[in-house]
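Everything below concerns the one structure shown next.
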Amino acid sequence: MPLLLAVCSVAAQATTKPPAGYAFPPLTGRVVDAADILATADEKILAAQSERLERSTGHQFVVVTIPSLGGHRIEDYGLRLGNYWGIGRKHINDGVLLIVAPNDRKLRIEVGKGLETVLTNAEAKRIIDNDILPAFRAGRLPEGIRKGATGIVRELSPALKPVLKKAG
């Protein structure tokens, strides 16, 4: 069993019910496509990226699509979902979620406090604006999710940052 799922399943067992008024999909892996946006091949690519990131840094990253936020603000939904699932190492708080809610036309990169200096709000906004939104606006949601995930992994992987910044 991958480390992520082992850690998350323990955390999820400790909290058996989502917060009142929230309906969360079950954590089934590194990619939870409850909105059914991604092809199986995309899910495998994203899961492999997440697994490589965790192996090299320890940081946990989950891509989640949900049809709707159920009337909640995406900021609240993301924070509560990450806590409920137990994403990130508890003593470091280094989990990241890429959340896409297509019916609400919302997306967010939710970053644990332990990574806020590594993946800043400005960097998350740049990934959303430059990598994700252009594909979404063209109706290519899977492409936007893949590009966004790649941007997140790039920012969280110290070994990749200097190489990618020199090339760009």
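Owing to the predicted nature of the structure, the values given are computational and were not obtained by experimental measurement.
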### Message
Any side-chain to backbone donor/acceptor pair from Thr65 onto Ala35? Under 3.5 Å, distance only.
### Response
yes

### Query
Any link between Trp85 and Ile74 through a network of hydrophobic side chains (Ile, Leu, Val, Met, Phe, Trp, Tyr) touching at under 4.5 Å?
yes

#### Entry: For Lys147, side-chain hydrogen bond (donor to acceptor under 3.5 Å, both in side chains) partners two or more places apart
Glu143

### Min side-chain heavy-atom separation Ser157-Leu53 under 4.5 Å
yes

### Message
Check this for me: Asn103, atom CG, are more than 12 non-hydrogen atoms of other residues, nucleotides or ligands nearer than 6.0 Å?
### Response
yes

### Task
Applying side chain to side chain contact (heavy atoms under 4.5 Å, CB included) between Asp129 and each of Ile127, Asp131, Ile132, Leu133, report the one that passes.
Leu133

### For the student: nearest non-hydrogen atoms of Val62 and Val32, plus distance
CG1-CG2, 4.5 Å

### Task
Taking all non-hydrogen atoms of both residues into account, name the closest pair between Gly86 and Gln60 and its distance.
O-OE1, 4.1 Å

Tell me which donor-acceptor pairs under 3.5 Å the side chains of residues 92-99 have, and how far apart each pair is, sequence neighbours excluded?
residue, atom, partner, partner atom, Å
Asp94, OD1, Arg89, N, 2.8
Asp94, OD2, His59, ND1, 3.0
Asp94, OD2, Arg89, NE, 2.9
Asp94, OD2, Arg89, NH2, 2.4

### Task
Could you walk me through whether Ile145 and Ile37 pass the side-chain contact (heavy atoms from CB on, under 4.5 Å) test, one step at a time?
CA-CA 9 Å; Ile145 292 169; Ile37 295 171; 4.1 Å; yes

### Query
Hey, are the side chains of Val31 and Ser50 touching, using non-hydrogen atoms and a 4.5 Å cut-off?
no

### Task
Enter the distance from Leu156:CG to Gln49:CD here, rounded to the nearest 0.5 Å.
11.0 Å

### Task
Please report the closest heavy-atom contact between Ile109 and Ala124, naming both atoms and the distance.
CD1-O, 3.7 Å

### Query
Do Leu46 and Arg30 have side-chain heavy atoms sitting under 4.5 Å apart?
no

### Task
Using the six-membered ring wherever Trp is involved, compare the ring planes of Tyr77 and Phe24 and label them parallel, tilted or perpendicular (cut-offs 30° and 60°).
perpendicular

### Message
Please tell me whether Leu38 and Ile45 are part of a single hydrophobic cluster in this structure, the criterion being side-chain heavy atoms less than 4.5 Å apart.
### Response
no

#### Entry: Spacing of CG belonging to Leu119 relative to CZ belonging to Phe61, to within rounding of 0.5 Å
9.5 Å

### Query
Can you tell if the side chain of Leu27 reaches within under 4.5 Å of the side chain of Ile87, non-hydrogen atoms only?
yes

### Message
I'd like to know if Leu107 and Leu79 are part of one continuous hydrophobic network [Ile/Leu/Val/Met/Phe/Trp/Tyr, side-chain heavy atoms within less than 4.5 Å].
### Response
no

### Query
For Leu69, does its backbone N or O pair with a side-chain atom of Asp104 as donor and acceptor, under 3.5 Å?
yes

### Task
Sequence neighbours left out, what passes side-chain contact (heavy atoms from CB on, under 4.5 Å) with Ser56? Give chain and number order.
none

### Query
Does the side chain of Tyr22 come within less than 4.5 Å of Leu81's, by heavy atoms?
no

### Query
When rounded to the nearest 0.5 angstrom, what distance separates CZ in Arg126 from CG in Asn121?
13.0 Å

